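These notes are about the structure you will find just below.
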Amino acid sequence: MQGRKVLVVGGGQSPSPDGQALTGNGRAICLTLARRGARVACADRDLAAAQATAAAGPAQSILALEGDVADAGDVTRMVQQAHARLDGLDGLVLNVGISRREALGALSPASWDAIHAVNLRGHMLVVQAALPLLAPGAAVVFISSVAARMPQGRNPAYETAKAGLSALCRATAYEARERDIRANTVLAGLIDTPMGRAATAARPGRAGGPLPLGRQGSAWDVAHAVAFLLSDDAAYINATELVVDGGLSAGVVREV
C-alpha cells in the first residue's frame, strides 16, 4: 500500500453501546491502510469521528473529511476534496451503512427508503462521483454483509440493500474495465464493532454461541481483507465477493 491514495467513506465510528473501547470497520480500515504506507482520506458524516480516526493514525497519513452519502451535492464535494487533497485517487472503500430492524409485514416505505438511501443509493452516488477521478489501475472495495446471502430476521430492507451492493459492484467493474479499475465486495459476518455489538445486544447468543470459530470476528479481520483487495496481490481478482465470516454463511456451525 506504500504511496497509495485511498478515500474511505465511513471511516469514523459510533460509540459502543456498552461503553467499551471498540474499533469499527471504517476506522480499522483507515488505520490499517495508513500503517501500510497509504495516504488516506477518511470521510464521515460526523466530522469529529473522522478526526478521531485521523488522530489515531501515523502522523500526517490520514486526513479527515465531512460528507453525507445521502446528499448528492455533499458526495460530489467530498470526493472532489479527497482527490484534490491527496493529489489523486487510486483506491476507494465504501463502508457506510445503517440498519433498522423491522419485519417485512411492519416495514414502512419511509424506513425502506431511508435504509436504501444510505446503504445502496449513497454508494451509487459515491461511485458516480469517484469513477472519473480514479486513476487507471485503481481498486474499489464495497463493505457489505453476509446478510446479502442469508436472512438475518426482521431486517429485509438491510438485506436487500446489501444484496444490491453486489450487483452495483459488478456494474462498477464492468463500466470501469477499460481503465483496468477493479471492484470487489467484502461480505462480513458477525463482526464485533460498535454497530455489531448493538445488534447482538438485542439478540443474545449471537455474539459467540455456535459460530464456527466460537467467536465474532474483529474489525481488523475486515480491514486486512480490504487491504489485500486494494493491493497488487489481488490484481486479478475482480467483480467478486470475499466472505469474511469464519464460515458462518457456509453452514459451518460449532456444536454446542
Side-chain angles (χ1 to χ4, degrees), residues 1 3-12 25-26 29-30 33-34 38-45 50 62-97 116-145 148 161-187 222-223 225-242:
M1 297 306 302
R4 299 290 175 91
K5 303 165 185 177
V6 184
L7 168 60
V8 179
V9 183
N25 288 335
I29 291 166
C30 289
L33 299 180
R39 294 182 61 211
V40 180
C42 169
D44 201 275
R45 183 178 63 176
I62 304 175
L63 61 92
L65 301 176
E66 184 175 14
D68 184 354
V69 299
D71 184 316
D74 218 27
V75 166
T76 299
R77 178 198 54 76
M78 173 188 70
V79 172
Q80 290 178 346
Q81 189 175 16
H83 181 266
R85 294 184 62 182
L86 292 178
D87 192 25
L89 281 176
D90 46 30
L92 172 65
V93 181
L94 298 106
N95 177 61
V96 180
H116 280 249
V118 174
N119 293 11
L120 188 54
R121 178 179 178 271
H123 290 69
M124 179 273 293
L125 291 174
V126 174
V127 170
Q128 276 189 333
L131 274 184
L133 301 179
L134 289 174
V140 179
V141 179
F142 297 85
I143 307 302
S144 186
S145 166
K162 291 301 185 183
L165 280 185
S166 295
L168 179 60
C169 171
R170 292 189 293 270
T172 301
Y174 181 80
E175 294 204 14
R177 68 195 186 282
E178 299 298 336
R179 291 191 291 137
D180 297 324
I181 293 175
R182 299 179 295 109
N184 291 289
T185 304
V186 171
L187 298 186
V222 174
V226 171
F228 165 67
L229 290 173
L230 289 174
S231 76
D232 291 339
D233 289 336
Y236 206 61
I237 299 176
N238 192 25
T240 193
E241 299 165 337
L242 176 58

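Fair warning: this is a prediction, and the values are worked out from it, not measured in the lab. In this chain, numbering begins with 1 at the start of the sequence shown.
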- Sequence neighbours excluded, the answer for side-chain contact (heavy atoms from CB on, under 4.5 Å) partners of A43 is L7, L65, M78

- Note on the structure: Taken to the nearest 0.5 Å, the spacing of L33 CG from M1 CE works out to 5.0 Å

- Message: If I compare all heavy atoms of P132 with all of A129, which pair ends up nearest, and what's the gap?
- Response: CD-O, 3.6 Å

- Item | salt bridge (charged side-chain N to carboxylate O under 4.0 Å, His left out) involving E66 - partner list, sequence neighbours excluded | none

- Item | A161 versus L120, closest heavy-atom pair with distance | O-CD1, 3.9 Å

- Item | Residues in side-chain contact (heavy atoms from CB on, under 4.5 Å) contact with A183, at least two apart in sequence or another chain | V140, F142, C169, T172, A173

- Message: Can you tell me how far apart CG (L63) and SG (C42) are? Round to the nearest 0.5 Å.
- Response: 8.5 Å

- Message: Enumerate the salt bridge (charged side-chain N to carboxylate O under 4.0 Å, His left out) contacts for residues 78-91, please, sequence neighbours excluded, ordered by first and then second residue.
- Response: none

- In Å, rounded to the nearest 0.5 Å, how long is the span from CD1 of I62 to SG of C30? 5.5 Å

- Note on the structure: Here the salt bridge (charged side-chain N to carboxylate O under 4.0 Å, His left out) pairs for residues 228-239, sequence neighbours left out, are R4-D232

- Could I get the full list of side-chain contact (heavy atoms from CB on, under 4.5 Å) partners for I237, not counting sequence neighbours? N184, F228, L229, A234, T240

- Message: For a quick test of reading the model, state the closest non-hydrogen atom pair linking S166 to T185 and the distance between them.
- Response: CA-OG1, 4.4 Å

- List the atom of G91, the atom of A138, and the distance in Å for their closest heavy-atom pair. N-CB, 4.4 Å

- Listed partners of Q128 passing side-chain contact (heavy atoms from CB on, under 4.5 Å), at least two apart: M124, L125

- Message: Applying side chain to side chain donor-acceptor pair (under 3.5 Å) as the test, list every pair that has at least one member in residues 67-80; sequence neighbours left out.
- Response: D74-R77, R77-Q81

- Query: Which residue, V8, V9, V6, forms the side-chain contact (heavy atoms from CB on, under 4.5 Å) with L92?
  - Reply: V9

- Kindly give the heavy-atom pair with the smallest separation between A176 and L131, and that separation in Å. CB-CD2, 4.0 Å

- Task: Sequence neighbours left out, what pairs pass salt bridge (charged side-chain N to carboxylate O under 4.0 Å, His left out) with at least one residue falling in residues 170-183?
- Result: none

- Task: Verify side-chain contact (heavy atoms from CB on, under 4.5 Å) between I143 and I29, making sure each step is shown before the conclusion.
- Result: CA-CA 10 Å; I143 307 302; I29 291 166; 4.1 Å; yes

- Message: Using every non-hydrogen atom in the two residues, find where A70 and V118 come nearest and quote the distance to one decimal.
- Response: CB-CG2, 4.4 Å

